[in-house]
There are 2 protein chains.
Amino acid sequence: MKYIEKLRNSGLRPTKQRLQICEVLFNSEKTFHFTINELDQKIKKQVSDKISLATIYNTVHAFEKKGYLKQIPINSNQTYFDTNISDHHHFYDLKEEKLIDLENADVGPINILKKINGKKIKSVEVLVKLED
Amino acid sequence: MKYIEKLRNSGLRPTKQRLQICEVLFNSEKTFHFTINELDQKIKKQVSDKISLATIYNTVHAFEKKGYLKQIPINSNQTYFDTNISDHHHFYDLKEEKLIDLENADVGPINILKKINGKKIKSVEVLVKLED
DNA sequence: TTACTAGTTTATAATGATTCTAAAAAGGTG
DNA sequence: CACCTTTTTAGAATCATTATAAACTAGTAA
Ligand SMILES: [Mn+2]
Ligand SMILES: [Mn+2]
Ligand SMILES: [Zn+2]
Ligand SMILES: [Zn+2]
């Protein structure tokens, strides 16, 4: 199977549930943004076995910790995740409440001039809010 | 009083509670970041009358809607607000879980090259995550 | 001052996303 | 298989936030 090695190499047992969630998350042509609830719906549609919500939470957080998913910093009552783990940014359409990818190439180079003593930059993320 | 006109001009009645919250939020030399809980604590310390948590939520949201406070897009279990309403950005210290202001001048100009049909840019916010 | 009205405050309940718990099930190894 | 660890799961708990609805207040006009 496609994802068994990936999981083993991360120290995660390739359980049936994790493999099925991998299919839903990573087997599509395009990357996408999702909340846990949306993922739960997607799984219900695409996977015949039932996967408990607790497992979906556990798995998403495990994958995030391993770097297979990214959390998107945005104010919402639900947490947004991204299967696009490349360094990139987002539009947020306030009316539609939808995220849209903004590739690094679509943003001029960002130069952080201020330095914080003893700290180094882990990531730089831009959120562009859109209105009509 | 200092804030009565400000509130009236916004169509908000200058109630005792709102005026007291104004004192706590806007009467300090420096701007600051806060969660509702932190603000509640601050109010308990600085204001002799009791203000209900519901009123604090109501007031913060009213002030945000009027543009006297900004919500900071960040993933946290609590919503962060900012009394600094100027166009600016943030460091987020992952270890300390603290926000630090990053003025526009401390970031090179940000040029969003991609356009979304029928939408215009309302804001551009940068979040720089810091690690040790 | 006295109504009148709309806006505000408040205690309290409800909501809902997320996390916790602890027992059952499954994976990995020899 | 036997053993041990990890994982899954249903359900309960947590807790930030929002809703409710009754009491109160600010503003205004008689
Ligand atoms: Mn999380
Ligand atoms: Mn809010
Ligand atoms: Zn994305
Ligand atoms: Zn700030």
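- Nucleic acid contact for B/N58: base, since at least one base atom lies under 4.0 Å from a heavy atom of the residue.
- Across the interface with DNA chain C, nearest-nucleotide mapping of B/G11 and B/L53 shows B/G11 to be the residue nearer the 5′ end.
- You'll find that the side chain of A/A54 is closest to D/dG11, out of D/dT17, C/dT10, D/dG11.
- When each of D/dA16, C/dC20, C/dA11 is scored by its nearest atom to the side-chain atoms of B/K50, the top-ranked nucleotide is C/dA11.
- Remark: A/K30 pairs with no residue by the salt bridge (Lys or Arg N to Asp or Glu O under 4.0 Å) rule, at least two apart or across chains.
- Residues passing the ring-ring contact (aromatic ring centres under 6.0 Å, His included) test with B/F34, sequence neighbours excluded: B/F32, B/F81.
- Residue pairs meeting the salt bridge (Lys or Arg N to Asp or Glu O under 4.0 Å) criterion with at least one partner in residues 33-45 of chain A, sequence neighbours excluded, are A/D40-A/K44.
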Counting primed atoms, P, OP1 and OP2 as sugar-phosphate and everything else as base, the B/S/- map of nucleotides 23-28 of chain D against protein heavy atoms under 4.0 Å is --BBS-
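- The salt bridge (Lys or Arg N to Asp or Glu O under 4.0 Å) analysis of residues 66-82 of chain A, with sequence neighbours excluded, yields no pairs.
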Using residues 111-118 of chain B as the side-chain source, report each donor-acceptor pair under 3.5 Å to any protein atom, sequence neighbours left out, with the distance given to one decimal.
{"unit_1": "B/K114", "atom_1": "NZ", "unit_2": "A/D101", "atom_2": "O", "d": "3.0"}
{"unit_1": "B/K115", "atom_1": "NZ", "unit_2": "B/I112", "atom_2": "O", "d": "3.1"}

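- Of the candidates D/dT7, D/dA16, D/dT8, D/dA16 carries the atom nearest the B/N37 side chain, counting heavy atoms from C-beta on.
- An end-to-end axis angle of 30° holds for the helix from C/dT1-D/dA30 to C/dG30-D/dC1, taken from five base pairs per end and rounded to 10°.
- Residue A/L127 comes nearest to B/P73 through the heavy atom pair CD2-CB, 3.7 Å, listed as atom of the first residue, atom of the second, then distance.
- A/H89 is linked by a ring-ring contact (aromatic ring centres under 6.0 Å, His included) to nothing, counting only residues two or more places apart in sequence or in another chain.
- Listed by chain and number, the residues in a ring-ring contact (aromatic ring centres under 6.0 Å, His included) with B/H90 are B/H33, B/H88 (sequence neighbours excluded).
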